[in-house]
Amino acid sequence: MTTQAPPKAVDAPIGWLDERFGTAGFLRGKMKKVFPDHWSFMLGEIALYSFIILLATGTFLTLWFKPSMSEVVYNGHYTKLVGVKMSEAYSSTLHISFDVRGGLLMRQIHHWAAVLFLASLTVHMLRVFFTGAYRKPREVNWLIGLGLFTLAIFEGLFGYSLPDDLLSGTGLRVTQGILQATPLIGTYASYFVFGGDFPGQDVIPRLYTVHVLLIPGILLALIGAHFMILWHQGHTQFPGKNRAEKNVIGKPFYPVFMIKAGAFFMFTFAVTALLGTFAQINPIWLFGPYTPDSITAGSQPDFYMGFLDGALRIMPNWETNLWGHTISWNVVVPAMVPLGLIMTGAALWPFIEQWATGDKRIHHIADRPRNAPFRTAVGMAAVTFYGLLWAAAGNDPIADKFHVSLFAMTWFFRVTVFVGPAIAFFVTRRICLGLQAKDADIAHHGVESGKIVRLPSGEFIEVHEPASDEQKAVLTGKVPLPELKLEEEDGNGIPAPSAHGPLGKLRKGLNRALTEDGVSPDGHDEGHDDTSSHGDEEIEPGGVESDGSRAISRH
């Protein structure tokens, strides 16, 4: 094993800090930290870089934005609105767009960065779910990620509402209706947010404070905690040659990952800058100032709020009068059930899976989605449910463009929002099993070589070549779950309630779905002989793979 001294550009600052804070050992060790070299791990990096861009552009916008509902008469450079009465918030947003040098560009970069932040965060969490990267010891980081996602949705909603244009005002009106429909606390919640009757004078200043101070502060704290835990626990990695639970194969933090991360940040910034320059988003001057008696036809929110809007559009008009109080199920259910189902289910899933399988091992090797058919099918059912609600938010433009009845479109989504996830579950599970069978065939019979030979009998066959060591390591990287032993009877022969009660039956059913839903990786029932490449042997720290990657022990 060879040890290379850090370059002077790195060693000198570390020495300066060590003389004052005694951090040299820690920093020098962390500079050698290895990161897996796989494109999917960069999805979280995109979310981080988008958040940095949001902070930078948001700081610029705060210099000119005035969070006030005071009425003024516009006298700026956008002539079509000159002389129109509007809120100071809307007027200052027009001022940023047309009078501040680079203001419109910064507004659009900020908006595109917000969209990219939510999109990359969503895809990153899907990657974590489908690969099982939420398992022990990463359950807490999974919950932090869900908290980040939920806060980011509200942060986007509040920022979207600040300009006080007709489109954002319509969204605020929907928000007020949801608050008022909340049982027991609705009136108080609405008063707390709006300070009185809608729209009032307080909502924009309050949203501004929450948008620029409260939620960003919490997001920064959660992101910091997320990376501290990630840095301590290390990354997961996909199955492969010489990859085990106790090592990490990839590129060192300095200089490879640092250079790659810096370049990727510039690339992310370039994408948002190009979108802000050439792709118009949220042209508030076309909508005009918000007035409570005006309605925008065909309006849709940003994509991350689309599934809630879609749920509101397709929910039947159900209301119940109880003890003199009206419960508006047509508002309460769409506002709380879809988000509650998705987020609560996602938060509980790591613990449900551990409870059902009895698997309490440490997992640093990620699953291939095909090797966990039930989990992958459940995830795709949730994605389909979300996607159909998202599409339902545009039921009126869809009906208009395809020349179909809006009534028919509404009923189409009412049916498919239940049928679609079931179909997605069944199809995904069958695809995963088919891919597993293909992997088992390749591991057992080899890969097609393209060479055709003729047998003495006259039959033509294709010659198969053995799979490479890397392919075998990937194909046989599926590690079986430990057998779950449920206590069937106690010492007196009496059935144990834990095994035969409702929870026991549920646990048995989930265990069967999670553990028996697969194909042996080498085509044999007892075949897991090739998992040694994925097992517990430890690669020497500092070892170098054939592609230049480094293998380092986790401990």
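Values below: every heavy atom of this structure, side chains too, minus hydrogens, waters and symmetry copies. Residue numbers start at 1 and run along the sequence shown.
With ring centers used as reference points, F374 lies under 6.0 Å from F425. Separation of the F35 and W231 ring centroids falls under the 6.0 Å cut-off.
When all heavy atoms of G420 and L388 are compared, the pair lying nearest together is CA-CD1, 4.1 Å. Listed here is the closest heavy atom pair of T384 and P421: CG2-N, 3.9 Å. Minimum heavy-atom separation, A393 to G306: CB-O, 3.2 Å. Here the closest heavy-atom approach between residue F129 and residue G379 is recorded as CE2-CA, 3.6 Å.
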Using distance only, find each side-chain donor-acceptor pair of residues 447-459 under 3.5 Å and give its atom names and separation, not counting sequence neighbours.
unit_1 : atom_1 : unit_2 : atom_2 : d
S449   : OG     : K451   : N      : 3.2
S449   : OG     : V463   : O      : 2.4

Let me check something: any side-chain donor-acceptor pairs from residues 267-278 under 3.5 Å, sequence neighbours excluded? List them with distances.
unit_1 : atom_1 : unit_2 : atom_2 : d
T268   : OG1    : F264   : O      : 2.9
T272   : OG1    : T268   : O      : 3.3
T272   : OG1    : F269   : O      : 2.8
T277   : OG1    : A273   : O      : 2.7

Cut-off 3.5 Å, no hydrogens considered: what does the side-chain donor-acceptor table look like for residues 140-152, sequence neighbours left out?
unit_1 : atom_1 : unit_2 : atom_2 : d
N141   : OD1    : H226   : ND1    : 3.0
N141   : ND2    : H226   : O      : 3.3
W142   : NE1    : A346   : O      : 2.7
T150   : OG1    : L146   : O      : 2.9

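Separating the CG atom in D302 from the OH atom in Y160 is a distance of 6.0 Å, to the nearest 0.5 Å. We find the CD1-CG distance between I223 and L230 to be 12.5 Å, quoted to the nearest 0.5 Å. From F117, atom CZ reaches atom CG of L48 across 8.5 Å, with rounding to the nearest 0.5 Å.
For the salt bridge (Lys or Arg N to Asp or Glu O under 4.0 Å) with D367, the lone residue among K478, R135, R127 that qualifies is R135.
Under the side chain to side chain contact (heavy atoms under 4.5 Å, CB included) criterion, A382 pairs with no residue at all, not counting sequence neighbours. Not counting sequence neighbours, the partners of E139 by the side chain to side chain contact (heavy atoms under 4.5 Å, CB included) test are K136, P350, F351, Q354. Residues satisfying the salt bridge (charged side-chain N to carboxylate O under 4.0 Å, His left out) criterion with D309, sequence neighbours excluded, are R313.
Using a distance-only test at 3.5 Å, with no hydrogens or angles considered, no donor-acceptor pair links the side chain of H445 to the main chain of A443.
Looking only at atom types and distance, the side chain of Q108 has no donor-acceptor partner in the side chain of W112 under 3.5 Å away.
Using a 4.5 Å cut-off on side-chain heavy atoms (C-beta onward), V427 and I431 make contact.
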